[in-house]
Number of protein chains: 2
Amino acid sequence: MAKTGDRARGGTAPALGALDFALDRGSPVPLYYQLAQQLEAAIEHGVLAPGNLLGNEVDLSVRLGLSRPTVRQAIQSLVDKGLLVRRRGVGTQVVHSQVKRPLELSSLYDDLEAAGQGPTTQVVRNEVVPAPADVAAALGVAEGGEVILLERLRCTHGQPVALLCNYLPAGLLDLDSARLESTGLYRMMRAAGITLHSARQTVGARSATAEEATRLDEKEGAALLTMQRTAYDDTGRPVEYGTHIYRGSRYAFDFQLLVRP
Amino acid sequence: MAKTGDRARGGTAPALGALDFALDRGSPVPLYYQLAQQLEAAIEHGVLAPGNLLGNEVDLSVRLGLSRPTVRQAIQSLVDKGLLVRRRGVGTQVVHSQVKRPLELSSLYDDLEAAGQGPTTQVVRNEVVPAPADVAAALGVAEGGEVILLERLRCTHGQPVALLCNYLPAGLLDLDSARLESTGLYRMMRAAGITLHSARQTVGARSATAEEATRLDEKEGAALLTMQRTAYDDTGRPVEYGTHIYRGSRYAFDFQLLVRP
DNA sequence: AAGTGGTCTAGACCACTTT
DNA sequence: AAGTGGTCTAGACCACTTG
């Protein structure tokens, strides 16, 4: 941090002098993506500190033997991720710390994953049922049409945390209960070629009914965190609709919102 | 829907035949953006129905007198918005309906906006205070340093809905209480040149204390929806930290999550 | 085999910020 | 005036999907 180190550059290259990017043109992974990954790693490991300028795009492209658009594509992907900021006339710099790991869809993935060490998930129900009105509307199927009903109880440290009730279009997926408990719904969907793309969520709070209290080991009237979600794949087709109930005393959503420029 | 209509094209142009895009090269607004806006409008108004193919990029660029990268940039922006889907070897098509208006940051904007007709917001406190530990950590200022404390009561239909408690770095903004109630915090920040970029939120549920119940016109022990948020500007600097309490009986968050590709 | 999007190049000019 | 990112062009080749 004391010296510039590279005196031949005369100070115009702020922080990127010693960085060696290894680009493999033989690799099937795109050049812009290779660059983006290595830039991200450099930021992640603190080689590029918050506020550091990246050096202008033209220099970078010459140094790396890439065209400027390719370098721009790499940088843009990191700007989209919120790791870099571009300012016309100024340059590109690493964002001012904070907000390290986005998490973003963590709540969704957590809910659907069920894997991992800590939490366990027990499948309570897994059967084909006629679709109630709200489910039919959400999944875009006929009311009374076949849908899969999945009811799970999520526990951590041997304590119940959440009651997850999900509906999926019938025939979308083979849902083996045993695999569900060990693998998680999300990975099973992914393995079946379904790519989650977006989800619409409503999160609220209400008091527990007597039955809910019993199942969640809470007192009647305890505060519950409720979540209703419809998830869509990359074609916009609804693939999952769920109603979840979490114990307010033991669970909270934690996520990040990004403003799309 | 019965005829192809344009027999000269021989059926290779699926749905875009009659669309007239007006591109103004004299305008300061970028060409790719003009195109993206008009495509989005066409989708919004149903001119391009879900599932419709868009026609290949090369044809489009020729027809519009643009280069292919420019057309791609327009399309890509709509793909990022979740309005279009691209498949190699297949084409670009309008997403299968659903998920019309994203809302996305609506909760954040709602919380900070306060404008609009329905809800009213009353500023209860607006003063400079020494930063408590959690606020100092969130805003990246010294503990005990000066921060602005903003406490507001949100009402709809004459009924209290939420208690909003926000902290901002001192000197960031001139916060006139009267303007705050009519304009909203978000617009005041925007007017001051602060661009919101991302926010980290934690949403949970708990029972109301006696004091909270009184202020929100609820019963003690009623379910409350709680939200804690730190918002960052486009340089990653924290610009707002807040703790909000909503009546579970009268409020729910409604938002959309997007998976970043 | 044909058609599609995905990637990449080597330039160009402009708008903005800083000096 | 110099330097930066923002936009745009006119090509090229490749990978994938479909008939």
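Keep in mind it's a predicted model, so treat the numbers as computed, not measured. Protein chains get the first letters and strands the later ones, always in sequence-line order, with residue 1 at the start of each.
What separates CD of A/Q93 from C1' of D/dG5 is a distance of 13 Å, to the nearest Å. Between the C1' atom of C/dG5 and the CD atom of B/Q76 lies a distance of 11 Å, rounded to the nearest Å. Atom CG in A/L84 sits about 13 Å away from atom C1' in D/dG5, given to the nearest Å. Rounded to an integer number of Å, the gap from B/I75 CD1 to D/dC8 P is 14 Å. Rounded to whole angstrom, the span from the CG atom of A/L64 across to the P atom of C/dC8 amounts to 13 Å. Rounded to whole Å, atom C1' of D/dT9 lies 12 Å from atom CD of B/Q73.
Contact check, B/R86 against C/dG6: a side-chain N or O comes under 4.0 Å of OP1 or OP2. Close to C/dG3, at under 4.0 Å from its OP1 or OP2, lies no side-chain N or O of B/N56. Within the structure, every side-chain polar atom (N or O) of A/T70 is placed at least 4.0 Å from both OP1 and OP2 of C/dT7.
When atom types are taken as modelled, the side chain of B/E40 and the backbone of B/L78 share no donor-acceptor pair closer than 3.5 angstrom.
With sequence neighbours excluded, the residues satisfying side chain to side chain donor-acceptor pair (under 3.5 Å) with A/R86 are A/E57, A/Q76. Judged as a side chain to side chain donor-acceptor pair (under 3.5 Å), and not counting sequence neighbours, the contacts of A/D233 are A/T235. Here B/N126 pairs with B/S177 under the side chain to side chain donor-acceptor pair (under 3.5 Å) rule; sequence neighbours left out.
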Give the dot-bracket line for DNA chain D from 5' end to 3' end: parentheses for intra-strand Watson-Crick or G-U pairs under 3.5 Å, square brackets for crossings, | for inter-strand pairing, dots for unpaired. ||||||||||||||||||.
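Of the residues in residues 27-36 of chain B, B/P30, B/L31, B/Y32 come within less than 4.0 Å of DNA chain D through at least one heavy atom, sorted by number.
In this structure, B/V129 and B/V135 have side chains that are not in contact, with every pair of non-hydrogen atoms separated by 4.5 Å or more. Between A/L54 and A/L39 there is a side-chain heavy-atom pair separated by less than 4.5 Å. No side-chain heavy atom of B/L48 sits under 4.5 Å from any side-chain heavy atom of B/Q93. Looking at heavy atoms from C-beta onward, A/Q38 lies out of side-chain contact with A/V47 at the 4.5 angstrom threshold. Side chains of A/L60 and A/L35 form no contact here, defined as non-hydrogen atoms less than 4.5 Å apart.
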Any chance you could lay out the ring pair (Phe, Tyr, Trp, His ring centres under 6.0 Å) test for A/F255 and B/F255, step after step, and finish with the verdict? CA-CA 12 Å; A/F255 56 94; B/F255 56 94; 5.1 Å; yes
B/S/- along nucleotides 10-19 of chain C (protein heavy atoms under 4.0 Å) is B-B--BBS--
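There is a side-chain donor-acceptor pair under 3.5 Å between B/Q228 and B/Y241.
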